[in-house]
Protein chains: 6
Amino acid sequence: MRIDGRQAADLRPISITRHYLKHAEGSVLIEVGDTKVICAATIEEKVPPFLKGTGEGWITAEYSLLPRSTQTRNIREAAKGRLTGRTHEIQRLIGRALRSVVDLKALGERTVWIDCDVIQADGGTRTASITGAFVALVDAVNTIYTDPEKPFPIKDFLAAVSVGVVDGTAVLDLCYAEDSAAIVDMNIVMTGNGDLVEVQGTGEKHPFTKAQLAEMLTLGERGIAELIDYQKEVLGELSWKVGRVP
Amino acid sequence: MRIDGRQAADLRPISITRHYLKHAEGSVLIEVGDTKVICAATIEEKVPPFLKGTGEGWITAEYSLLPRSTQTRNIREAAKGRLTGRTHEIQRLIGRALRSVVDLKALGERTVWIDCDVIQADGGTRTASITGAFVALVDAVNTIYTDPEKPFPIKDFLAAVSVGVVDGTAVLDLCYAEDSAAIVDMNIVMTGNGDLVEVQGTGEKHPFTKAQLAEMLTLGERGIAELIDYQKEVLGELSWKVGRVP
Amino acid sequence: MRIDGRQAADLRPISITRHYLKHAEGSVLIEVGDTKVICAATIEEKVPPFLKGTGEGWITAEYSLLPRSTQTRNIREAAKGRLTGRTHEIQRLIGRALRSVVDLKALGERTVWIDCDVIQADGGTRTASITGAFVALVDAVNTIYTDPEKPFPIKDFLAAVSVGVVDGTAVLDLCYAEDSAAIVDMNIVMTGNGDLVEVQGTGEKHPFTKAQLAEMLTLGERGIAELIDYQKEVLGELSWKVGRVP
Amino acid sequence: MRIDGRQAADLRPISITRHYLKHAEGSVLIEVGDTKVICAATIEEKVPPFLKGTGEGWITAEYSLLPRSTQTRNIREAAKGRLTGRTHEIQRLIGRALRSVVDLKALGERTVWIDCDVIQADGGTRTASITGAFVALVDAVNTIYTDPEKPFPIKDFLAAVSVGVVDGTAVLDLCYAEDSAAIVDMNIVMTGNGDLVEVQGTGEKHPFTKAQLAEMLTLGERGIAELIDYQKEVLGELSWKVGRVP
Amino acid sequence: MRIDGRQAADLRPISITRHYLKHAEGSVLIEVGDTKVICAATIEEKVPPFLKGTGEGWITAEYSLLPRSTQTRNIREAAKGRLTGRTHEIQRLIGRALRSVVDLKALGERTVWIDCDVIQADGGTRTASITGAFVALVDAVNTIYTDPEKPFPIKDFLAAVSVGVVDGTAVLDLCYAEDSAAIVDMNIVMTGNGDLVEVQGTGEKHPFTKAQLAEMLTLGERGIAELIDYQKEVLGELSWKVGRVP
Amino acid sequence: MRIDGRQAADLRPISITRHYLKHAEGSVLIEVGDTKVICAATIEEKVPPFLKGTGEGWITAEYSLLPRSTQTRNIREAAKGRLTGRTHEIQRLIGRALRSVVDLKALGERTVWIDCDVIQADGGTRTASITGAFVALVDAVNTIYTDPEKPFPIKDFLAAVSVGVVDGTAVLDLCYAEDSAAIVDMNIVMTGNGDLVEVQGTGEKHPFTKAQLAEMLTLGERGIAELIDYQKEVLGELSWKVGRVP
């Protein structure tokens, strides 16, 4: 039994509230246990210089912790004047993961800005950001999808979850207390058809075996399938457009 | 009649949710019409260098807009690497306003960090920040107030509101659409006993007369009295401690 | 009687030296008591992006203290790599105040850069900057005013002064020693026809009453009228062009 | 057959030159095909604040590309004034990987700075950095290992390699041309006893299957075993100290 | 005959006004033709880390151009957020030059900050800064020289001048128009007893011969002797203390 | 006899390896005693704004020390976020020196970026950078020199050396140990026909006499002639193109 009463393969309670912000083209509040992230998707009618004239679009992501989302206050990166290495890493991960399921040609010469702002942090903020941002992205892309003769620019579902090894046992969706005690910390991003987009496992405190890796992958696959089921439920009819090719 | 159906002297609907964040010593979500701000108060057991050894404490404030709180996405200051002049101005205003009602000696050698993060912006974000931060501050200070023989470190209530002149008429608590149309834009901060802490009026688009200034001050005074009544209601029994001297 | 022998409503001795710098389109040295500021106005034949193609011009201001203008040396902002909040606030105030009396359409697509560099500081540097910069601005704008059939781009005079409450009495034009002792510190900017452009009063150390506000406004109005008389004297014949509409 | 004539499971020619720099406690030039990296290890007799007084040491890494190590010149990060996200990610990876095989208690309150400077880049610079830095680290740590009654602070060997899927086939140790064509790009770090320290796989251009992941892990394991054999050969007698517990 | 009517070996008119700033320990306005620089010397009772506990002091210099000291407005380095290479070079030169005539042991553990702010630029701002700063330094050091049994911390006089080759002729003390036309530009710093402290000659537009170098050195020596005579006149009785050893 | 057995007028052993980097248009490794610098020359088909449309090209240089090129590790400028004054000075010197022998018109609207990265430092890194960069520049320029009817863009040879006064004697090409002990430190840059491009002598620790200056110039001239002979040998047939006018 885990610190919060869950079994090894249990996700925490999850909730995604769509249309959370008045001004954004797509936005959600995602809550995974006590972790809460606002994910906003903004459509901008231009692309970075390396894509000009190619007809292709781009997805880019930014991530931030509110100063008091964490147990002790973390200093604002705007006040420090620069992003930490951790933020850079997470922003790049979110952008890469979302791009893997977007048909950038079908998107057209547009940039979608994904903003993930963590209101409250209790472990798994980067995976919650990906899972929530996917839903905001679908809503935002839908506002520019006007021609049903064309493929919908989002090709497949996408969600992410953390797995780890705590007290010798592989567990799913670690809260902060578990995360601190884990010897391995791994983040997995998968698509709706069960393929891998990212696998990032780190055994800084303790190297891990191939057997443990296999166990964690199995748990992660199962968790992501549940998360994608929930995304479909939340998106309702709109979920049918994902992957649609006329 | 105003754009949203209010009379000149009407405030927008207001709501303050206490204990909004799990980790902070004090925190609220304040909603004023469509403007929503998370205000967190953090107690740190040290002071800036200029106060070391004086026995006095300090209050300092930081303010930020989420990128998609606004109609068009605003670039993250952390990405730009520096704060805008507007942010500097607002942060200094919030800190100064709160310090005016705090007995820094009674606070002791501690810093209270006030973080105001705007989730959604529809005019009046700086005044909503002050009104909400006051409540978060009372909650935070209460966690360290252990000796009833001593004065409570907060001496009086404090709230803020905007006033302006739109279409030749002075109006209270401007929403964004009114703000854009106003010839004068003024922010007023007052205490529970009706004294002024800040008066900041700007007639960039059109200088204003002393008569208009007087009208705006009258509206502001009335609005702040209402806001302070609501703060008292929200704080409940805790409101009795404000200004308490044994 | 005040620390330097003045009455409550007395300004300090003032002097404005026009054409102080060889290269600038307009420049003055303004001395207000021991406060000395060099104000330069530079005409640039382009505008910020948001004004391109509109036919309108812009006024922007920068402000700086020489390191040893102050009692103890202040660290150069260029060495720190960023502007302080105080500098941001003052720069924005100066720019906003000057723009309020300029007909930006008549100015045409040009930017006027106002540089206020404080050589010696003894209180009131921001108000001296505004009062001096106005004269430099008139000189600079005059160099591009070639068609007498068109309105002169400066619509009215403009000056600024500080007021405050020291030892319970409202006083005009505070020197540094008074500023440090004041419970309220207020800056007022007014036009030649007596309208208000900015009112910024702060009672950080002590909230103030509406009666004190009224007293300070009265003093400020009187001081600004004197300052504008002096600006007219200094500008001589050129002063007739201000506000001129053919 | 691959672009450079190798089989899928072949490493490129590798060479590690020890004592490459005159001043550093440990330093190597590692060449992996056309990729060349100078790795230096510096012992500093102090630790970051969070370790003061704990008796434990720290390993931290920095990584940089010379401007003309790459096909087109890359702009110096010192000139830009900040590190890119890619650099942050790589530095964190190198530091984390090395720390996983170091007994930080046995190291004592010291920091080892690892500097990896890429002289010439042809794919796999981050994995070459780890493999080379490990040897420099052993040399550096040996300079402070004076008491044979104590465990040698490095517990196990460590090397890293890239794997990927090119034209549907899993291949080992990708050169730049292969890297650009790969649908999956994965970096693996393993210890001498065959445990995993890092697994980072990204399918931005194309999600990948679990079968492909398994194939890549098998190739990576084989390549790392070869690399560690070569490290032992290069270190000669010194290799016996690694993992030594008296 | 030169552009401003001078002979090849003529200095421009020079004037040094002592005690120019109210607050600084030493300060002058130096005018060399149309070049005007405010030089301030500030005594700080601490030293940089590398001198702590050595009993020695330090001299450090900062240099800045007011934005409109130059023909076209130069952007403030504080606004850019960093110093240009030119400013770095000049600051280092001024500091090094002044330190060469100061007995840092006799100064004691203090830092003298030299601030050179160019009000108006017409060539030779760095050499005027050195010549003026020397006088400000003597005044500042004199405020802490209380024990006549000890050597005065300034060992010798110091001044600087520019020389160059214009239209094939070596000339002394170039104004801006000459500087732009010169094929060689050289700055010379010398002491009161005729020794060289700095020789910096650059022939970017045209290499120069050893004969031209010799001519320029002769002119420079002569100019510096005149400047030092003027410094002595300006310092009056205080000039006797320079180089004084009891 | 000097610390490393040389006579006063002896250079250290020198070696220049051409084509050191695979990707650069020109690149060398220059070794002068224990000082080792990689110099790369990159051709970019555009020029800075101030040269657009003029038909002229530009040469710009960047310089950096690897962190462990020095006896104690020096902090990376990329990590500090800004260049030191020393780096600025050296970069400007290298660029200026190389431009003095380049026919920027014949180069055409192109920029040559010179990157000097010090791998190991033992005194004289800036002069080695110039001497090595010259060879890399010739190789790079040769790749774009296609029309033998036009002048070769490099007009003359160029090399640099340090001289100084150690223990009262002028010596050539100081190693680090001598540099630290020298009372004067001078860098000289000269062309193939014996003209001076830069003379920079500093007597911070001790002013120097004109006689010492003359001695140092003589030594420097002799050393540079030897260096240029070696450059010619290394460039082989290509050396005939330097200065070639059809």
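A, B, ... follow the sequence lines: proteins, then strands. Residue 1 opens every chain. Note that these values count all heavy atoms, side chains included, but never hydrogens, waters or copies made by symmetry.
- When heavy atoms are compared at a cutoff of 4.5 Å, D:T87 does not approach chain F at all.
- In this structure, F:D117 and D:D117 have side chains that are not in contact, with every pair of non-hydrogen atoms separated by 4.5 Å or more.
- Within 6.0 Å of NZ in F:K205 there are more than 12 heavy atoms belonging to other residues, nucleotides or ligands.
- Residues of residues 25-44 of chain D lying within less than 4.5 angstrom of chain F, judged on heavy atoms, are D:E25, D:D34, D:I38, D:A40, D:A41, D:T42 in numerical order.
- Side-chain atoms of F:H23 come within 3.5 Å of backbone N or O of D:A121 as a donor-acceptor pair.
- Contact count against chain D (heavy-atom pairs under 4.5 Å) is highest for F:R73 among F:Q71, F:R73, F:E77.
- Using a 4.5 Å cut-off between heavy atoms, D:Q120 contacts chain F through its side chain alone, with no backbone atom that close.
- D:I119 has its side chain within reach of F:I119: a pair of non-hydrogen atoms, C-beta onward, lies under 4.5 Å apart.
- Between F:R68 and D:E62 there is no salt bridge, since none of the side-chain N atoms of the basic residue sits less than 4.0 Å from a carboxylate O of the acidic one.
- Atom CG of F:D167 has 12 or fewer heavy atoms from other residues, nucleotides or ligands within 6.0 Å.
- Heavy-atom distances place the backbone of D:S69, and not its side chain, under 4.5 Å from chain F.
- More than 12 heavy atoms of other residues, nucleotides or ligands lie within 6.0 Å of OH in D:Y145, so this atom counts as buried by the packing criterion.
- Atom CZ of F:R2 has more than 12 heavy atoms from other residues, nucleotides or ligands within 6.0 Å.
- Among residues 92-116 of chain D, the residues having any heavy atom closer than 4.5 Å to a heavy atom of chain F are, in sequence order, D:W113, D:D115, D:C116.
- Remark: F:R18 CZ is packed, more than 12 non-hydrogen atoms of other residues, nucleotides or ligands lying under 6.0 Å away.
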